[in-house]
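First up is the structure itself, then whatever we jot down about it.
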Amino acid sequence: MTLRLYDTATRAVRDFVPLEPGRVSIYLCGATVQAPPHVGHIRSGLAFDILRRWLEASGYDVTFVRNVTDIDDKILARGADEGVPFWQVAMRNERAFTWAYDVLGCLPPTYEPRATGHVPEMVELIDRLIEAGHAYAADGDVYFDVRSFPEYGALSGQRLDDMQPAGDSEASVKRDPRDFALWKGAKSAKPGGLAAGTADHGEPQWATPWGPGRPGWHLECSAMASRYLGSAFDIHGGGMDLLFPHHENEIAQSKAAGDAFAQYWMHNAWVTTSGEKMSKSLGNSLLVSEVVKRVRPVELRFYLGSAHYRSMLEFSDEALAESAAGYRRIEGFLRRAEESLGDGPGATGLPPAFAAALDDDLGVPQALAVVYDTVRAGNAALAEGDSGAARRARDEVVAMLDVLGVNPYAEPWAAHADDGAARRALGPLVDVVLAQRQAARERKDFAVADALRDGLASSGIVVEDTPTGARWSLAEES
RNA sequence: GGUGGAGUGGCCGAGAGGCGAGGCAAGGGACUGCAAAUCCCUCUACACGGGUUCAAAUCCCGUCUCCACCUCCA
């Protein structure tokens, strides 16, 4: 069974064949750091984190690039609003994104380039495009000539003549209204605009053969992708909303300049609330930093990752809670398995059905069904005292959760999985109470036994009776 | 106007011509002094109207509703 992925460019599920055997290169459009991340942003990071983990579990050596767009109109506008340099806005939000990726267990990218660090590469790309007759300078700006690139619109399935004319006022200098900016000339060339510590935080600008200015958004990704992955690479990913114009324009720039560029295009669907797409512009965002106060991060990750990456996910606290309940059942099995078997998880292979599900365009929902089936089998084995079967099920479950990035034994969850210090301090005390309760039970004084259990419960300690005696645990929050 | 997507049981969420994913919740049962946990069972669906087919949630035609992109957006 080989991996098959849905490729937006061909609108079909295709066998995945990397350019170089054993190696996979991925470029993911990361954040435009104009605001802190909401759960929709992180879903994208998560979807491609699962892709990456699955590729690595399948034996590939993965190079994963996720950029940071640290300069754009909104960042500049926000900086101006706040009266601070744009980079203050960009860096503050970049930290917020990094925190969110980390707290949700997204593996750090191999490379995480910032747009502002790659202006020379961009200038060079513009040069190539102008020389090839695909771009032209006008009034300090440089535009891509969409009419010069017959394939323009192929990715998004649109024809130039059907598109709504762009409503920008600068159309006069463009050869075609759909031509997009590769380079934006500085509006007012204020000298010293970049000088730190001055009151003037005017537009940042870089010197070029076409005059001072700053890069266009689409150009940045083309330049950074080829800088780190070469002129041809395997997978380009991003949210569906980037399909047009961003990815269409990336293709135009890179292919017109002679690069083969991405072989597969993958797009994740977005998170909706009340049926509407969550977005900064609609103001209905749910910040990761807020949601994570209501549920454990691993539960948020489990929830966001549980739907197929190409399906819209309607976010609700109810659905999140239901999903968390399912995850806790899995955790409960692992905890009881460890107590019963007396050891931690060991390495094992993945169930074929699980692998087949992920090979089929990352069928996480079907893969989760295998996880639950295995949990049930493991629970049954535990109840029957079949430790061999229980251990096998436990190891498989852990291996599967690991691929999905929700293995409670792995970082970053392991550190929070067990409140070791609290347990060690409480243990002897709880044991005394449990001994008293057991004594009460033996003399059939159930009123006392239950009172002791209730007392512990009100302290957040949950007691469960098992065939081998009582076990206790700290209650989950919320 | 152009392009793409969605409508599945109480809820979430897969599937994409034929043996009714899975989870959460609910009800019943087993176990238990009780509870919890666990296991077993049960309920149940494919927006609407036609059509094709031995067989359609799945294909075709039509209708309705919703969403997204075409402007910054994961």
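Convention: sequence-line order gives letters A, B, ...; per-chain numbering from 1. What's counted below: heavy atoms across the whole structure, side chains too, no hydrogens, waters or symmetry copies.
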Checking all strands, does [X] fall into the base, sugar-phosphate, or nothing category for heavy-atom contacts under 4.0 angstrom?
X: A:Gln158; value: base
X: A:Arg471; value: nothing
X: A:Asp161; value: nothing
X: A:Gly30; value: sugar-phosphate
X: A:Leu313; value: sugar-phosphate
X: A:Val371; value: nothing
X: A:Gly40; value: base
X: A:Arg159; value: nothing
X: A:Phe244; value: sugar-phosphate
X: A:Ala383; value: nothing

Separation of the [atom1] atoms in [N] and [M], to the nearest angstrom:
N: B:rA47; M: B:rG13; atom1: P; value: 15 Å
N: B:rC59; M: B:rC19; atom1: P; value: 15 Å
N: B:rG22; M: B:rA55; atom1: C1'; value: 26 Å
N: B:rC11; M: B:rG7; atom1: C1'; value: 16 Å
N: B:rA57; M: B:rC24; atom1: C1'; value: 23 Å
N: B:rG10; M: B:rC43; atom1: P; value: 14 Å
N: B:rA68; M: B:rG51; atom1: C1'; value: 31 Å
N: B:rA6; M: B:rA16; atom1: P; value: 12 Å

For [X] and [N], is the shortest distance between a side-chain N/O and OP1 or OP2 below 4.0 Å?
X: A:Gln366; N: B:rG15; value: yes
X: A:Thr32; N: B:rA74; value: yes
X: A:Arg329; N: B:rC24; value: yes
X: A:Arg441; N: B:rU32; value: no
X: A:Arg66; N: B:rA74; value: no
X: A:Asn268; N: B:rA74; value: no
X: A:Ser311; N: B:rA14; value: yes

Backbone N or O of [Y] within a donor-acceptor pair of the [X] side chain at under 3.5 Å?
X: A:Glu248; Y: A:Leu155; answer: yes
X: A:Thr98; Y: A:Glu94; answer: yes
X: A:Thr110; Y: A:Val65; answer: no

Whichever of A:Ala377 and A:Val370 has the more 5' nearest nucleotide on RNA chain B, that residue is A:Val370
Of A:Asp241 and A:Ala319, the one whose closest RNA chain B nucleotide lies more 5' | A:Ala319
Tell me whether [X] forms a cation-pi arrangement with [Y], defined as NZ or CZ under 6.0 Å from the six-membered ring centre and within 45 degrees of its axis.
X: A:Arg14; Y: A:Tyr264; result: yes
X: A:Arg66; Y: A:Tyr101; result: yes
X: A:Arg310; Y: A:Tyr6; result: yes

Are the ring of A:Tyr372 and the base ring of B:rG22 both nearer than 5.5 Å at their centres and tilted by less than 30°?
-> no
So, [X] and [Y], do they make that salt bridge, N to O below 4.0 Å?
X: A:Arg4; Y: A:Asp361; value: no
X: A:Arg437; Y: A:Asp431; value: no
X: A:Arg376; Y: A:Asp373; value: yes

Rounded off to whole Å, could you give me the [atom1]-to-[atom2] distance for the [X] and [N] pair?
X: A:Leu155; N: B:rG4; atom1: CG; atom2: P; value: 12 Å
X: A:Arg437; N: B:rA36; atom1: CZ; atom2: P; value: 13 Å
X: A:His308; N: B:rA6; atom1: NE2; atom2: P; value: 11 Å
X: A:Leu242; N: B:rU3; atom1: CG; atom2: P; value: 22 Å
X: A:Leu320; N: B:rG23; atom1: CG; atom2: C1'; value: 14 Å
X: A:Tyr6; N: B:rA14; atom1: OH; atom2: P; value: 16 Å
X: A:Leu243; N: B:rC67; atom1: CG; atom2: P; value: 20 Å
X: A:Ile330; N: B:rG22; atom1: CD1; atom2: P; value: 14 Å

Distance criterion of 3.5 Å, no angle test: do you see the side chain of [X] paired donor-to-acceptor with the base of [N]?
X: A:Asp373; N: B:rG22; value: no
X: A:Arg453; N: B:rA35; value: yes
X: A:Asp465; N: B:rC34; value: yes

Could you please name the option among [options] that lies closest to any side-chain atom of [X]?
X: A:Ala307; options: B:rG22, B:rG13, B:rC24; value: B:rG13
X: A:Glu322; options: B:rC24, B:rC67, B:rG22; value: B:rC24
X: A:Asn379; options: B:rG33, B:rU38, B:rA74; value: B:rU38
X: A:His41; options: B:rG13, B:rA74, B:rC70; value: B:rA74
X: A:Lys74; options: B:rA74, B:rC34, B:rC72; value: B:rC72
X: A:Pro365; options: B:rG13, B:rC24, B:rG33; value: B:rG13
X: A:His218; options: B:rC39, B:rA74, B:rC72; value: B:rC72

Just wondering, are more than 12 heavy atoms of other shown residues or ligands nearer than 6.0 Å to CG in A:Asp343?
-> yes
Residue pairs involving residues 444-453 of chain A (criterion side chain to side chain donor-acceptor pair (under 3.5 Å); sequence neighbours excluded) = none
Give the ring-plane orientation class for A:Phe180 versus A:Phe144, where under 30° counts as parallel, over 60° as perpendicular and anything between as tilted.
-> parallel
Could you summarise the pairing of RNA chain B as dot-bracket text, marking Watson-Crick and G-U pairs under 3.5 Å with ( ) or [ ] inside the strand and | across strands?
-> (((((((..(((.....[...))).(((((.......)))))....(((((..]....))))))))))))....
